[in-house]
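Shown next, in C-alpha coordinates, is the structure this report addresses.
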2 protein chains.
Amino acid sequence: MAADTPKPDAFLAACPSRDVMARLGEKWTMLVLVALTPGAIRFGALHRRVEGVSQKMLSQTLRHLEEDGMVTRHVFDERPLKVEYKLTELGRSVLPLVDAIKRWSEENLAQIQAARDARG
Amino acid sequence: MAADTPKPDAFLAACPSRDVMARLGEKWTMLVLVALTPGAIRFGALHRRVEGVSQKMLSQTLRHLEEDGMVTRHVFDERPLKVEYKLTELGRSVLPLVDAIKRWSEENLAQIQAARDARG
DNA sequence: CGGGATCCAGGTGGATACTG
DNA sequence: CAGTATCCACCTGGATCCCG
(Lines give C-alpha, C1' and ligand atoms only; values in the text may rest on other atoms or scores of the structure.)
Protein backbone atom coordinates (compact mmCIF):
# COMPACT_ATOMS: atom_id res chain seq x y z
CA MET A 1 0.00 0.00 0.00
CA ALA A 2 3.06 2.20 0.20
CA ALA A 3 3.25 4.97 -2.35
CA ASP A 4 6.81 3.93 -3.09
CA THR A 5 6.55 4.66 -6.80
CA PRO A 6 5.83 8.14 -8.09
CA LYS A 7 2.83 8.70 -10.31
CA PRO A 8 3.76 7.44 -13.79
CA ASP A 9 4.18 10.16 -16.41
CA ALA A 10 4.93 9.22 -20.00
CA PHE A 11 6.47 12.63 -20.62
CA LEU A 12 9.39 11.55 -18.47
CA ALA A 13 12.10 9.68 -20.36
CA ALA A 14 12.59 7.05 -17.67
CA CYS A 15 8.91 6.27 -17.11
CA PRO A 16 8.09 2.61 -17.87
CA SER A 17 4.65 3.63 -19.09
CA ARG A 18 6.49 4.44 -22.31
CA ASP A 19 7.11 0.73 -22.77
CA VAL A 20 3.40 0.12 -22.46
CA MET A 21 2.62 2.77 -25.04
CA ALA A 22 5.33 1.39 -27.29
CA ARG A 23 3.87 -2.06 -27.02
CA LEU A 24 0.42 -0.82 -27.95
CA GLY A 25 2.04 0.96 -30.87
CA GLU A 26 3.74 -2.16 -32.22
CA LYS A 27 2.70 -3.02 -35.73
CA TRP A 28 -0.04 -5.57 -35.02
CA THR A 29 -0.99 -5.07 -31.40
CA MET A 30 -4.06 -2.87 -31.80
CA LEU A 31 -5.53 -4.88 -34.66
CA VAL A 32 -5.07 -8.14 -32.77
CA LEU A 33 -6.72 -6.69 -29.68
CA VAL A 34 -9.71 -5.52 -31.67
CA ALA A 35 -9.88 -8.87 -33.44
CA LEU A 36 -10.26 -10.47 -30.01
CA THR A 37 -13.40 -8.46 -29.29
CA PRO A 38 -15.99 -11.15 -30.09
CA GLY A 39 -14.49 -13.55 -27.56
CA ALA A 40 -12.31 -16.66 -27.61
CA ILE A 41 -10.82 -17.21 -31.04
CA ARG A 42 -8.42 -19.69 -32.54
CA PHE A 43 -4.98 -18.86 -33.87
CA GLY A 44 -5.94 -19.68 -37.43
CA ALA A 45 -9.10 -17.61 -37.34
CA LEU A 46 -7.14 -14.70 -35.94
CA HIS A 47 -4.56 -15.16 -38.65
CA ARG A 48 -7.26 -14.93 -41.29
CA ARG A 49 -9.01 -12.00 -39.64
CA VAL A 50 -5.90 -9.79 -39.43
CA GLU A 51 -4.93 -9.81 -43.07
CA GLY A 52 -1.25 -9.74 -43.88
CA VAL A 53 0.13 -10.66 -40.49
CA SER A 54 2.71 -13.45 -40.64
CA GLN A 55 2.53 -16.45 -38.35
CA LYS A 56 5.66 -15.26 -36.64
CA MET A 57 4.36 -11.79 -35.92
CA LEU A 58 0.93 -12.97 -34.83
CA SER A 59 2.55 -15.44 -32.50
CA GLN A 60 4.93 -12.86 -31.11
CA THR A 61 2.19 -10.27 -30.67
CA LEU A 62 0.04 -12.76 -28.79
CA ARG A 63 2.95 -13.78 -26.59
CA HIS A 64 3.61 -10.15 -25.72
CA LEU A 65 -0.03 -9.55 -24.92
CA GLU A 66 -0.05 -12.64 -22.77
CA GLU A 67 3.07 -11.52 -20.92
CA ASP A 68 1.43 -8.20 -20.21
CA GLY A 69 -1.68 -9.86 -18.86
CA MET A 70 -4.00 -8.67 -21.59
CA VAL A 71 -4.66 -12.04 -23.20
CA THR A 72 -4.97 -15.62 -22.00
CA ARG A 73 -3.99 -18.68 -24.01
CA HIS A 74 -5.83 -21.97 -23.75
CA VAL A 75 -4.55 -25.15 -25.39
CA PHE A 76 -7.07 -27.90 -26.15
CA ASP A 77 -5.81 -31.44 -26.16
CA GLU A 78 -7.16 -32.34 -29.57
CA ARG A 79 -5.83 -33.53 -32.90
CA PRO A 80 -5.26 -31.46 -34.82
CA LEU A 81 -4.06 -28.97 -32.25
CA LYS A 82 -6.42 -26.24 -31.13
CA VAL A 83 -5.40 -23.08 -29.30
CA GLU A 84 -7.74 -20.28 -28.31
CA TYR A 85 -7.00 -16.76 -27.20
CA LYS A 86 -9.20 -14.38 -25.30
CA LEU A 87 -8.96 -11.02 -23.60
CA THR A 88 -8.45 -10.73 -19.87
CA GLU A 89 -10.18 -8.09 -17.79
CA LEU A 90 -7.14 -5.87 -18.37
CA GLY A 91 -7.35 -6.53 -22.08
CA ARG A 92 -11.01 -5.67 -22.15
CA SER A 93 -10.27 -2.41 -20.34
CA VAL A 94 -8.00 -1.18 -23.12
CA LEU A 95 -10.20 -2.44 -25.91
CA PRO A 96 -12.47 0.61 -26.14
CA LEU A 97 -9.39 2.79 -26.53
CA VAL A 98 -7.68 0.86 -29.29
CA ASP A 99 -10.97 0.25 -31.03
CA ALA A 100 -11.56 3.99 -30.98
CA ILE A 101 -8.15 4.53 -32.57
CA LYS A 102 -8.96 2.02 -35.27
CA ARG A 103 -12.34 3.57 -36.01
CA TRP A 104 -10.94 7.09 -35.98
CA SER A 105 -8.28 6.01 -38.48
CA GLU A 106 -10.92 4.56 -40.75
CA GLU A 107 -13.36 7.43 -40.42
CA ASN A 108 -10.84 10.21 -40.92
CA LEU A 109 -8.82 8.52 -43.61
CA ALA A 110 -10.38 10.54 -46.41
CA GLN A 111 -9.67 13.84 -44.67
CA ILE A 112 -6.06 12.87 -44.01
CA GLN A 113 -5.52 11.80 -47.59
CA ALA A 114 -7.02 15.09 -48.70
CA ALA A 115 -4.57 16.97 -46.47
CA ARG A 116 -1.69 15.03 -48.00
CA ASP A 117 -2.90 15.64 -51.54
CA ALA A 118 -3.40 19.34 -50.91
CA ARG A 119 0.32 19.45 -50.33
CA GLY A 120 1.41 17.46 -53.34
CA MET B 1 -20.26 12.90 -53.42
CA ALA B 2 -19.90 9.55 -55.12
CA ALA B 3 -19.36 6.57 -52.86
CA ASP B 4 -16.45 5.54 -55.03
CA THR B 5 -14.37 4.24 -52.15
CA PRO B 6 -15.48 1.30 -50.03
CA LYS B 7 -15.78 1.74 -46.28
CA PRO B 8 -12.26 1.62 -44.85
CA ASP B 9 -11.46 -1.46 -42.80
CA ALA B 10 -8.09 -1.79 -41.09
CA PHE B 11 -8.42 -5.57 -41.03
CA LEU B 12 -7.88 -5.54 -44.77
CA ALA B 13 -4.24 -5.64 -45.80
CA ALA B 14 -4.63 -3.02 -48.51
CA CYS B 15 -6.62 -0.51 -46.48
CA PRO B 16 -4.82 2.84 -46.18
CA SER B 17 -6.27 3.31 -42.72
CA ARG B 18 -3.41 1.08 -41.64
CA ASP B 19 -1.02 3.87 -42.57
CA VAL B 20 -2.93 6.19 -40.30
CA MET B 21 -2.77 3.74 -37.43
CA ALA B 22 0.91 3.17 -38.12
CA ARG B 23 1.55 6.87 -38.00
CA LEU B 24 -0.23 7.22 -34.68
CA GLY B 25 1.87 4.30 -33.47
CA GLU B 26 5.17 5.91 -34.42
CA LYS B 27 7.47 6.38 -31.49
CA TRP B 28 6.72 9.99 -30.59
CA THR B 29 3.41 10.78 -32.26
CA MET B 30 1.04 10.25 -29.36
CA LEU B 31 3.21 12.03 -26.82
CA VAL B 32 3.65 15.02 -29.13
CA LEU B 33 -0.08 15.23 -29.74
CA VAL B 34 -0.83 15.19 -26.03
CA ALA B 35 1.90 17.76 -25.45
CA LEU B 36 0.04 20.05 -27.83
CA THR B 37 -3.09 19.94 -25.69
CA PRO B 38 -2.63 23.29 -23.90
CA GLY B 39 -2.49 25.21 -27.19
CA ALA B 40 0.17 26.82 -29.35
CA ILE B 41 3.63 25.86 -28.20
CA ARG B 42 7.14 26.55 -29.39
CA PHE B 43 9.51 23.93 -30.75
CA GLY B 44 11.90 24.30 -27.85
CA ALA B 45 9.18 24.03 -25.23
CA LEU B 46 7.85 20.93 -26.93
CA HIS B 47 11.36 19.53 -27.01
CA ARG B 48 11.68 20.02 -23.27
CA ARG B 49 8.22 18.68 -22.53
CA VAL B 50 8.67 15.40 -24.40
CA GLU B 51 11.76 14.17 -22.62
CA GLY B 52 14.27 12.22 -24.64
CA VAL B 53 13.06 13.08 -28.11
CA SER B 54 15.83 14.21 -30.42
CA GLN B 55 15.52 17.37 -32.49
CA LYS B 56 15.43 15.27 -35.61
CA MET B 57 12.60 13.05 -34.43
CA LEU B 58 10.56 15.91 -33.01
CA SER B 59 10.94 17.79 -36.25
CA GLN B 60 10.03 14.75 -38.31
CA THR B 61 7.04 13.91 -36.13
CA LEU B 62 5.74 17.45 -36.41
CA ARG B 63 6.21 17.44 -40.17
CA HIS B 64 4.26 14.21 -40.45
CA LEU B 65 1.47 15.56 -38.29
CA GLU B 66 1.40 18.69 -40.40
CA GLU B 67 1.24 16.67 -43.62
CA ASP B 68 -1.68 14.74 -42.23
CA GLY B 69 -3.53 17.91 -41.31
CA MET B 70 -3.40 17.38 -37.57
CA VAL B 71 -1.04 20.25 -36.73
CA THR B 72 -0.36 23.70 -38.09
CA ARG B 73 3.01 25.43 -38.08
CA HIS B 74 3.41 29.15 -37.67
CA VAL B 75 6.73 30.93 -38.15
CA PHE B 76 7.21 34.30 -36.44
CA ASP B 77 9.58 36.73 -38.08
CA GLU B 78 11.69 37.38 -35.02
CA ARG B 79 15.28 37.03 -33.97
CA PRO B 80 15.99 34.56 -32.65
CA LEU B 81 13.62 32.45 -34.69
CA LYS B 82 10.30 31.48 -33.17
CA VAL B 83 8.06 28.71 -34.44
CA GLU B 84 4.81 27.63 -32.88
CA TYR B 85 2.76 24.50 -33.40
CA LYS B 86 -0.88 23.91 -32.62
CA LEU B 87 -3.52 21.29 -33.23
CA THR B 88 -6.01 21.60 -36.04
CA GLU B 89 -9.64 20.59 -35.65
CA LEU B 90 -8.65 17.14 -36.93
CA GLY B 91 -5.83 16.99 -34.42
CA ARG B 92 -8.14 17.96 -31.60
CA SER B 93 -10.55 15.21 -32.64
CA VAL B 94 -7.95 12.50 -32.10
CA LEU B 95 -6.58 14.02 -28.93
CA PRO B 96 -9.06 12.40 -26.53
CA LEU B 97 -8.16 9.01 -27.97
CA VAL B 98 -4.40 9.27 -27.70
CA ASP B 99 -4.65 10.97 -24.35
CA ALA B 100 -6.76 8.04 -23.16
CA ILE B 101 -4.06 5.65 -24.38
CA LYS B 102 -1.41 7.61 -22.51
CA ARG B 103 -3.43 7.69 -19.29
CA TRP B 104 -4.35 4.02 -19.55
CA SER B 105 -0.66 3.17 -19.95
CA GLU B 106 0.21 5.17 -16.87
CA GLU B 107 -2.67 3.92 -14.77
CA ASN B 108 -2.27 0.23 -15.61
CA LEU B 109 1.49 0.17 -15.57
CA ALA B 110 1.68 -1.44 -12.14
CA GLN B 111 -0.71 -4.21 -13.11
CA ILE B 112 1.20 -4.94 -16.31
CA GLN B 113 4.51 -5.04 -14.49
CA ALA B 114 2.93 -7.41 -11.98
CA ALA B 115 1.81 -9.67 -14.81
CA ARG B 116 5.34 -9.71 -16.20
CA ASP B 117 6.88 -10.42 -12.82
CA ALA B 118 4.42 -13.21 -12.09
CA ARG B 119 5.96 -14.94 -15.08
CA GLY B 120 9.59 -14.39 -14.23
C1' DC C 1 16.26 29.21 -32.08
C1' DG C 2 14.69 25.86 -35.21
C1' DG C 3 15.73 22.95 -38.00
C1' DG C 4 17.99 20.11 -42.43
C1' DA C 5 21.65 16.66 -43.94
C1' DT C 6 24.31 12.80 -43.18
C1' DC C 7 25.86 8.60 -41.22
C1' DC C 8 25.07 4.45 -39.11
C1' DA C 9 23.74 0.91 -35.22
C1' DG C 10 20.21 -1.65 -33.87
C1' DG C 11 15.71 -3.26 -33.97
C1' DT C 12 11.44 -4.78 -36.55
C1' DG C 13 9.36 -7.72 -39.02
C1' DG C 14 8.89 -10.67 -43.47
C1' DA C 15 10.11 -15.20 -45.93
C1' DT C 16 11.18 -19.65 -45.50
C1' DA C 17 11.80 -24.06 -43.55
C1' DC C 18 11.04 -27.16 -39.91
C1' DT C 19 8.50 -29.45 -35.66
C1' DG C 20 5.06 -31.48 -32.08
C1' DC D 1 -3.07 -26.79 -36.57
C1' DA D 2 -0.11 -23.93 -34.19
C1' DG D 3 3.66 -22.69 -33.64
C1' DT D 4 9.47 -22.21 -33.41
C1' DA D 5 14.03 -21.19 -35.62
C1' DT D 6 16.86 -18.94 -38.74
C1' DC D 7 18.27 -15.67 -41.85
C1' DC D 8 18.31 -11.15 -43.45
C1' DA D 9 16.49 -6.68 -45.76
C1' DC D 10 14.77 -2.71 -44.48
C1' DC D 11 13.57 1.01 -41.72
C1' DT D 12 13.47 3.66 -37.47
C1' DG D 13 15.54 6.67 -35.02
C1' DG D 14 19.82 8.52 -32.40
C1' DA D 15 24.30 11.27 -32.82
C1' DT D 16 26.57 14.67 -34.95
C1' DC D 17 27.48 18.57 -37.75
C1' DC D 18 25.98 22.45 -40.22
C1' DC D 19 22.99 26.41 -41.65
C1' DG D 20 19.46 30.55 -41.95
Side-chain angles (χ1 to χ4, degrees), chain A residues 10-14 16 18-33 35-36 40-68 71-86 119, chain B residues 10-15 18-33 35-36 40-68 71-86 119:
Chain A
F11 282 128
L12 306 179
R18 286 203 175 170
D19 299 341
V20 178
M21 291 184 71
R23 172 118 330 157
L24 291 174
E26 278 165 15
K27 187 163 184 178
W28 302 102
T29 302
M30 299 206 228
L31 283 180
V32 167
L33 283 172
L36 288 164
I41 181 174
R42 298 185 59 172
F43 185 90
L46 212 41
H47 195 189
R48 266 169 266 118
R49 181 94 179 97
V50 183
E51 278 194 6
V53 68
S54 65
Q55 280 198 334
K56 172 190 166 185
M57 289 314 298
L58 179 55
S59 174
Q60 180 180 116
T61 302
L62 287 167
R63 233 182 305 119
H64 286 166
L65 289 174
E66 198 190 357
E67 286 168 10
D68 288 356
V71 162
T72 54
R73 179 174 184 272
H74 191 282
V75 183
F76 293 83
D77 201 4
E78 303 178 6
R79 234 72 40 167
L81 200 52
K82 173 177 162 182
V83 181
E84 281 189 349
Y85 295 88
K86 55 185 282 232
R119 191 171 307 267
Chain B
F11 282 129
L12 306 179
C15 184
R18 286 203 175 170
D19 300 340
V20 178
M21 291 184 71
R23 173 120 327 158
L24 290 175
E26 279 166 14
K27 187 162 185 180
W28 301 103
T29 302
M30 299 206 227
L31 282 180
V32 167
L33 282 172
L36 288 165
I41 180 174
R42 298 186 58 173
F43 185 90
L46 212 42
H47 195 190
R48 266 169 267 117
R49 181 94 178 98
V50 183
E51 279 193 5
V53 67
S54 65
Q55 280 200 334
K56 172 189 166 184
M57 289 314 298
L58 179 55
S59 173
Q60 180 181 116
T61 301
L62 287 167
R63 233 183 304 118
H64 286 167
L65 290 175
E66 199 190 356
E67 286 169 10
D68 287 357
V71 162
T72 54
R73 179 174 185 271
H74 191 284
V75 183
F76 294 84
D77 201 4
E78 303 177 7
R79 233 72 40 168
L81 200 52
K82 173 177 163 183
V83 181
E84 281 188 351
Y85 295 88
K86 54 185 283 231
R119 190 171 308 266

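Throughout, a chain's letter reflects where its sequence line sits, starting with A, and its residues are numbered from 1.
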### Message
My understanding is that only residues two or more places apart in sequence, or in another chain, count here; which of them pass side chain to side chain contact (heavy atoms under 4.5 Å, CB included) with B:L36?
### Response
B:V32, B:I41, B:L46, B:V71, B:Y85, B:L87
### Query
Distance from B:S59 atom OG to B:W28 atom CH2, nearest 0.5 Å?
14.5 Å
### Query
In residues 72-85 of chain A, what residues come within less than 4.0 Å of DNA chain C, judged by heavy atoms?
A:L81
### Message
How close do A:L31 and B:F11 get, counting heavy atoms only, and between which atoms?
### Response
O-CE2, 3.4 Å
### Task
State which residues pass side chain to side chain contact (heavy atoms under 4.5 Å, CB included) with B:K82; sequence neighbours excluded, sorted by chain then number.
B:R42, B:F76, B:E78, B:E84
### Message
Checking A:Q60 now: which residues fulfil side chain to side chain contact (heavy atoms under 4.5 Å, CB included) with it, not counting sequence neighbours?
### Response
A:K56, A:M57, A:R63, A:H64
### A:R49: partners by side chain to side chain donor-acceptor pair (under 3.5 Å), with sequence neighbours left out
none
### Task
Answer yes or no: is there a side-chain heavy-atom contact under 4.5 Å between A:M21 and A:R18?
no
### Message
Does any part of the side chain of B:L33, heavy atoms only, come nearer than 4.5 Å to the side chain of B:L24, both counted from C-beta?
### Response
yes
### Task
Enter the inter-axis angle for the ends of the helix from C:dC1-D:dG20 to C:dG20-D:dC1 (five pairs per end, rounded to 10°).
50°
### Task
Give me the residues of residues 45-63 of chain A where at least one heavy atom lies under 4.0 Å from an atom of DNA chain D, by number, or none.
A:Q55, A:K56, A:S59, A:R63
### Task
Could you tell me the separation between the OG1 atom of A:T61 and the NZ atom of A:K27, rounded to the nearest 0.5 Å?
10.5 Å
### Message
A:E51: which residues meet the salt bridge (Lys or Arg N to Asp or Glu O under 4.0 Å) condition with it, sequence neighbours left out?
### Response
none
### Message
Under 4.0 Å from a heavy atom of chain B: give me the 5'-most and 3'-most nucleotides of DNA chain C that qualify.
### Response
C:dC1 to C:dC7
### From A:L65 atom CG to A:T72 atom OG1, the distance as rounded to the nearest 0.5 Å
11.0 Å
